[in-house]
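Okay, so here's the structure we're looking at.
By convention in this document, chain letters (A, B, ...) are assigned in the order of the sequence lines, proteins followed by strands, and residues within each chain are numbered from 1.
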Amino acid sequence: MITGIKGMNDILPTEMEAWHFLENQVREVFHSFGFKEIRVPALEKTELFCRSIGDDTDIVEKEMYTFLDKSGHSLTLRPEGTASVMRSYIEHKLYAQNQVERLYYVGPMFRYERPQKGRYRQFHQIGAEIIGENSPLADVQLLNMLCRYFERIGITDATLQLNSLGCPDCRPGYRQTLIDFISSRLDGLCTDCRRRYQHNPLRVLDCKVEECRRACQDAPSVLDHLCADCSGHFATVRRLLTELAIPFEVNNRMVRGLDYYTRTTFEMVSGRLGAQNAVAAGGRYDGLVASLGGPAVSGIGFAIGMERLILMLDESTLPVSRPDLFLVTLGEKALDRGFSLLSRMQREGLHAEMDFSGKSLKAQMRRADKLQARVVLILGEDELTRNQIQIRDMDRGSQDTIDLDQLFPILGERLSDI
RNA sequence: GUGGGUGUAGCUCAGAUGGUAGAGCACUGGAUUGUGGCUCCAGUUGUCGAGGGUUCGAUCCCCUUCACUCACCCCA
């Protein structure tokens, strides 16, 4: 047996209702905020991700699916969406069309990691970006859209965590202050933190080990070291969120895994997801577009992990799809005649099914019941000779005999009020 | 890359201190010559994850390996 690849899952027909639900709702909500969809390839030149995500990040160092194509170019399956969208934005000079672009995307991403709950090697993200808008209103609009989407799909138990990482003016100073602080209490830290504090000091603040938490209890906060502009920006974001009645918690220890983030960063977290508690995350990336060779425009965006979203979905909120009609036939003549009736029903846009194999009436009825068909039509030899058909309401259990030429008018009436 | 757990029917899982396996669900047929759900009856399905070792004999014991899964690292 040839099996699929580790960490890459089939999405089977039984799961598809949930996926369609998420995709349909996201289009409605995001369009109402003026966002346009963009589709970019799954493969990019490796260099794009090294430059945008950062050479020193775990994603680039060990998690990318990278290979040489037949002409020797190094290509990578995208580990996230923002880099590709920015590449496309710059390449097609979208900034020349509109000063501000609002874009969203839906699609698979790839990271070579050990799979576990809520983490897969091929996974799917819904992402949104506002490019070319520096105002804190953009931050708040994006967060508002994220919350409205969660509300729409019935997710109520996620909490929004907010932080600000500062900008190239104020971040280096804080970073050094933090490294100095950590150096002073190195012996209280776990081996991981001792190894990484020079390289990623913020990460130490987020360590789960109890000793590290204690040692870092009174560590300097990034929020106390923001420059005036960043501080003002962050204050406005918090004020507007409050005015929109969007609940949030400030978490000054929240870390981002990608290098390009500046100022506002955020996560939606939930306790229902196992060890990976973030279902959505994002932030501002004011230097990214320029660093990729585009104009000096700011940006902000987020990505939602769809598999994680599905773990949080309450299945009872999903719309159920039932066939309108199931056609039961008895005998060969009725099978032929029924088949052409079926075809006409489908042409009318009805969801109609039947069995082709000549099973017993009971077996066909069982099938209709299993599919939860609303109405069953029964066409046997007797009905055929009288030019009639039986119409049965499966929910009520009532059944009538009608003339065949009345079938479509009657179906129109019966199915319209469902 | 590191650590724990689990691999028996399509699915969820029992099982014996070594004598080649069972239940429920699902599926099919019947009880009702042409009527679903409930009930009852009958039937189908297995290289017991793979390879090797010990043994008269291994699904069970030993070794190796693979897969899945959870967690670490890190992240959506």
Identity of whatever pairs with B:A42 - Watson-Crick or G-U, under 3.5 angstrom |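 Checking every strand shown, B:A42 finds its partner in B:U28, with both distances under 3.5 Å.
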A:R114 or A:K362: which one's nearest nucleotide on RNA chain B is closer to the 5' end?
->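 Final value for this comparison: A:R114.
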Looking at every strand, decide which applies to [X] at a 4.0 Å heavy-atom threshold: base, sugar-phosphate, or nothing.
X      : value
A:A363 : sugar-phosphate
A:Q399 : base
A:G397 : base
A:R392 : base
A:L258 : sugar-phosphate
A:S360 : sugar-phosphate

Could you work out the separation of [N] and [M] based on their [atom1] atoms and round it to a whole Å?
N     : M     : atom1 : value
B:U17 : B:C11 : C1'   : 31 Å
B:A23 : B:U45 : C1'   : 15 Å
B:U64 : B:G5  : P     : 15 Å

N/O (side chain, [X]) to phosphate O (OP1/OP2, [N]) under 4.0 Å:
X      : N     : value
A:K370 : B:C27 : yes
A:R256 : B:A76 : yes
A:K6   : B:C68 : yes
A:Q116 : B:U69 : no

Look at the side chain of A:N24 and the backbone N and O of A:H20, then say whether any donor-acceptor pair between them is shorter than 3.5 Å.
->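 Confirmed, A:N24 side chain pairs with A:H20 backbone.
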Check ion pair A:D259-A:R51 (N to O, under 4.0 angstrom) |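 Salt bridge: no.
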Are A:R344 and A:F408 in a cation-pi contact, defined as NZ or CZ under 6.0 Å from the six-membered ring centre and within 45° of the axis?
->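 Yes.
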By side-chain hydrogen bond (donor to acceptor under 3.5 Å, both in side chains), which residues pair with A:R347, not counting sequence neighbours?
->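 None.
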Out of curiosity, A:K6 NZ to A:M8 CE, how far, rounded to the nearest 0.5 Å?
->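 Separation between the atoms: 11.5 Å.
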